[in-house]
Amino acid sequence: MKKLFAEFFGTFWLVFGGCGSALFAAGYPDLGIGFAGVSLAFGLTVLTMAYAMAHISGGHFNPAVSFGLWAGGRFSTKELLPYIASQCVGAIAAAGTLYFIWSGKTGNVIDNTKAGAFASNGYGAFSPDGYAIEAAFFAEFILTMFFLIIILGATDKFANGKFAGLAIGLALTLIHLISIPITNTSVNPARSLSQALFVQGEALQQVWLFWVAPIGGAIFGGIIYKSLLQKNDD
């Protein structure tokens, strides 16, 4: 149970910190943090929780990461679904908390006809810069694949584990710097689902892509690392 609570709190913090920065601070008049600030916020959530929770649960905070670690031989099949459930509940709880705070300002109403509403992900007309479904899918796939390669490499028993959280947090920052204009950046199905549930409409209809592409990319990344990059004891 401690592992599942750690995944709950870690995923809550990721969604609350990352999506919260996008909702409250990104576009603040004159002093807004912009894309770079939101990217850093997502990276910092993972970095801080990696050091706080990784020794308890491994610090996944993302269903795609759990699948990728499973494909890479670092995670057991029996723990996969409980971890994913905890991550999704944590993400939804964070989105609910964000909505409660965000709706406390007059005029804050979710417009689900606009791209990026309530920090949601999307493609086509719901991509921040109008990227088609094929581009969105490939971006989410390839970025999650590299994210898993970085995670597996940074946490390898032959690596310097003291810096793993830093490498992973900076990787997520870079991923967001690349892809916020494309899909508003997911690489995390729980993060996408939590926001889409509050937006409804097209955001919820498109959320399938932000499960299939990141999980597919993560599994591929796990297989690549295990098959081609992992150092053997001999």
Side-chain angles (χ1 to χ4, degrees), residues 3-26 33 35-70 72 74-75 83-84 86-95 97-98 119 121 139-140 142-156 159-180 183-195 210 214-215 217-218 221-222 225:
K3 291 181 179 180
L4 300 183
F5 276 124
E7 288 298 305
F8 171 89
F9 286 116
T11 313
F12 183 104
W13 186 237
L14 185 151
V15 172
F16 187 82
C19 293
S21 70
L23 288 170
F24 303 128
I33 62 174
F35 285 173
V38 174
S39 300
L40 184 59
F42 271 102
L44 287 173
T45 63
V46 169
L47 188 155
T48 51
M49 275 297 172
Y51 287 110
M53 299 292 180
H55 65 286
I56 302 171
S57 68
H60 300 192
F61 319 138
N62 180 340
V65 170
S66 296
F67 269 106
L69 292 174
W70 168 77
R74 302 271 192 92
F75 192 55
Y83 262 54
I84 292 170
S86 296
Q87 293 156 1
C88 288
V89 172
I92 293 167
T97 305
L98 287 173
N121 303 114
E140 291 288 329
I142 199 75
L143 289 170
T144 316
M145 182 192 79
F146 273 98
F147 192 38
L148 261 294
I149 291 172
I150 291 165
I151 290 171
L152 288 163
T155 58
D156 195 291
N160 188 337
K162 293 181 179 180
F163 297 102
L166 183 61
I168 294 165
L170 289 175
L172 190 61
T173 299
L174 177 59
I175 285 168
H176 279 78
L177 287 171
I178 295 168
S179 60
I180 287 178
T183 61
N184 219 19
T185 310
S186 172
V187 302
N188 186 333
R191 167 263 189 273
S192 296
L193 176 65
S194 63
Q195 305 311 116
F210 303 102
I215 289 174
Y225 190 85

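Just so it is clear, the structure is predicted and the values come from calculations on it, not from any experiment. The chain is numbered in sequence order, starting from 1.
Pairing each heavy atom of Ala54 with each of Ala50, the nearest pair is CB-O, 2.8 Å. Annotation for Glu140 and Ser186: closest pair OE2-N, 3.1 Å, computed over non-hydrogen atoms. A pairwise comparison of heavy atoms in Pro189 and Pro63 identifies CD-CD, 4.1 Å as the closest pair. Between Ser39 and Leu177, the shortest heavy-atom contact is OG-N, 3.2 Å. Ser194 and Ala95 make their closest contact through O-CB, 3.6 Å (heavy atoms, listed as atom of the first residue, atom of the second, distance). Across every non-hydrogen atom of Leu4 and Ser86, the tightest pair is CB-OG, 3.3 Å.
Within the 4.5 Å cutoff, side-chain heavy atoms of Tyr51 are placed close to those of Leu166. Looking only at side-chain heavy atoms (C-beta outward), Val187 and Leu172 come within less than 4.5 Å of each other. Ile168 has its side chain within reach of Thr155: a pair of non-hydrogen atoms, C-beta onward, lies under 4.5 Å apart. The side-chain heavy atoms of Tyr225 and Arg74, taken from C-beta on, include a pair separated by under 4.5 Å. Here the side chains of Pro214 and Phe67 are not in contact, with every heavy-atom distance at 4.5 Å or above. A 4.5 Å side-chain heavy-atom check between Arg191 and Asn121 finds at least one atom pair inside the cut-off. The shortest side-chain heavy-atom distance between Phe61 and Thr45 does not fall under the 4.5 Å cut-off.
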Apply side chain to side chain contact (heavy atoms under 4.5 Å, CB included) to the pair Val65 and Phe147, showing each step before the final yes or no. CA-CA 8 Å; Val65 170; Phe147 192 38; 4.0 Å; yes
Take Phe75 and His60 through the test side chain to side chain contact (heavy atoms under 4.5 Å, CB included) and record every step on the way to the result. CA-CA 10 Å; Phe75 192 55; His60 300 192; 3.6 Å; yes
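Summarising the geometry, atom CG belonging to Leu170 is positioned 8.5 Å from atom CG belonging to Leu44; distances are rounded to the nearest 0.5 Å. Note: Cys88 SG to Leu193 CG = 5.5 Å, rounded to the nearest 0.5 Å. Atom CG of residue Asn62 and atom CD1 of residue Ile84 lie 9.5 Å apart, to the nearest 0.5 angstrom. Atom-to-atom distance recorded for Ile175:CD1 and Ile180:CD1 is 11.5 Å, nearest 0.5 angstrom. Taken to the nearest 0.5 Å, the CG atom of Leu148 stands 6.0 Å off from the CG atom of Leu69. Rounded to the nearest 0.5 angstrom, Ile178 CD1 and Ile142 CD1 are separated by 10.5 Å.
A donor-acceptor pair under 3.5 Å is absent between the side-chain atoms of Thr11 and the main chain of Phe8, judged by distance alone.
Counting non-hydrogen atoms of other residues, nucleotides and ligands closer than 6.0 Å to CZ of Phe146 gives a total of 12 or fewer.
Ring geometry for His176 against Phe42 counts as parallel: the plane angle stays under 30°, on a 0 to 90° scale with 60° as the upper cut.
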